[in-house]
Amino acid sequence: MNTEKFNPTIIIIFGAGGDLTWRKLVPALYNLWRDEWLTRQFSIIGVDRREMKQNEYRQHLREGVDQFSRQTVTNEAKWTKFANHVSYIDADFSDAETYTKLAEAIESQAKEWDAKPSTIYYLAIPPSLIQMVTEGLGKAGLAQDRERARIVVEKPFGRDLDSARALNQLLTSVFDEKQVYRIDHYLGKETVQNLLAFRFANALFEPLWNRHYIEQVQIVVCEEVGVEHRGGYYDHAGALRDMIQNHLMQLLCLVAMEPPVSFDAEEIRDKKLDLLRSIRPLKPDEISEFAVRGQYEGYQSEPDVAPNSYTETFAELMLFVDNWRWQSVPFSLVTGKKLAQKSSIVNVRFRPVPHLAFPKSATESWEPNELHIHIQPDEGIDICMQAKVPGLKLRIEPVAMQFRYSEAFDKEPVPEAYETLLLDIIKGDTTLFMSAAQVEQAWRVVMPILEVWEKSKRGIKTYAPGTMGPKVSNLIPVEPMLMAS
Ligand code: BG6
């Protein structure tokens, strides 16, 4: 039973008939409700173009919950109770009348509750519709309550720096920046949040967390799946836009940012922004040395992908952070689709000991210390160190000390990323959301690479599905580090 109480809340989902709502948002809201996080005074209003009766819409959502939620519907009465909080409006986003109707629905709910509710406008819609809906909300006066009205925007935040700036300008012309929640679902993952606890709630690591002790850092997000049914979107995005500019850059921030003074949202966001600002921009003539791209064999035959496409499905960057803590430490950011395994991991390799006093024969298998932070699957942390192999012969070999979430905290079900993020939006906590400045700065980092890659297909390497991507000789090899874990 959760005792924390939140303001009465109305969640208005634009794109209520879409995949995101069906697979992620409503299952997450259902779980929050089941776990008693939501107050009795909450309602969900779905808005979309398709004509649907209330019952039809609720039934559609139920199927999504049954398929995708970590807690499925086991009790009919409970589902009905939840479903009573949900309503559906079929409406045209371009029609001013839609927003008037919405304002009336909010007003009447507020009267019924006798309270001023928080209103969350969740844009689960394609980027091309964001302007229309944001302006519609603005004109109807629905953004005016600076404390209680919030807008939620999903990635992609633009497709380059200019379009991201334009999007931010649009959003902040109607809402205040503090009302805008830019979602990066990686920030809702338990292990990603644990990076902050790991770094700043332990005395052990922070003294070593710098260029004097760390030799290199790799942030790797491998996927086994290909582009599946998203070829139309992905072929215009590619791995750099789809993953590196947002998810991997956010992971980099959490791994490398300076310790915050407090866990205040602004403080964390500022520290992350400082880190992004310290990333050394790559010059056009350095790109071939520090950035690698690849495409899996068969990608060009995927549905909605251009037959001669040179969109990258694999990207690997080596970045340097120009500050006192990290000068000269390479940070590799690696991601790809159709790789050998699904695995998101942060690997930190420490510098070798200054002197190995053991006989050479004892240290043939010696390796530097490594820390593996497994973000998914098999969430946990390994500290890889050296130990003497028991026996009369002196032999030193690597061993791993392992912590696994599933073993350490098996009683607590791990919430889905969207549960964490939706609850934070309801609470009005922006810590796990990206500020306009962060998004733009992350674009600044990738722009030089995008520009070079868009001009020519030179240097793009193909790789066989089920491998670890193209063979790259000039970057730190991913494979040995991953396999070691
Ligand atoms: C999304 C990307 O943001 O993240 C997808 O658009 C990618 O291409 C997905 O597959 C990966 O998320 P997760 O949570 O499965 O690692």
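The chain is numbered in sequence order, starting from 1. Read the numbers this way: they start at 1 and go in the same order the structure lists the ligands and their atoms.
Using a 4.0 Å cut-off between charged nitrogen and carboxylate oxygen, E454 and R241 count as a salt-bridge pair. Between K271 and E258 there is no salt bridge, since no side-chain N of the basic residue sits under 4.0 Å from a carboxylate O of the acidic one.
Enumerated by chain and number, the residues approaching ligand 1 to less than 4.0 Å through a heavy atom are K155, H185, Y186, K189, E223, R230, D242, M243, H247, K337, K342, Q376.
For Q341 (side chain) and M468 (main-chain N/O), no donor-acceptor pair under 3.5 Å exists by modelled atom type.
Remark: K338 qualifies as a cation-pi partner of Y296 under the 6.0 Å distance and 45° angle criteria applied to the six-membered ring. Figure legend: cation-pi geometry between R150 and Y121 absent, as NZ or CZ is not positioned both under 6.0 Å from the six-membered ring centre and within 45° of its axis. With F157 as the aromatic partner, K155 does not meet the cation-pi criteria of under 6.0 angstrom to the ring centre and within 45 degrees of the ring axis.
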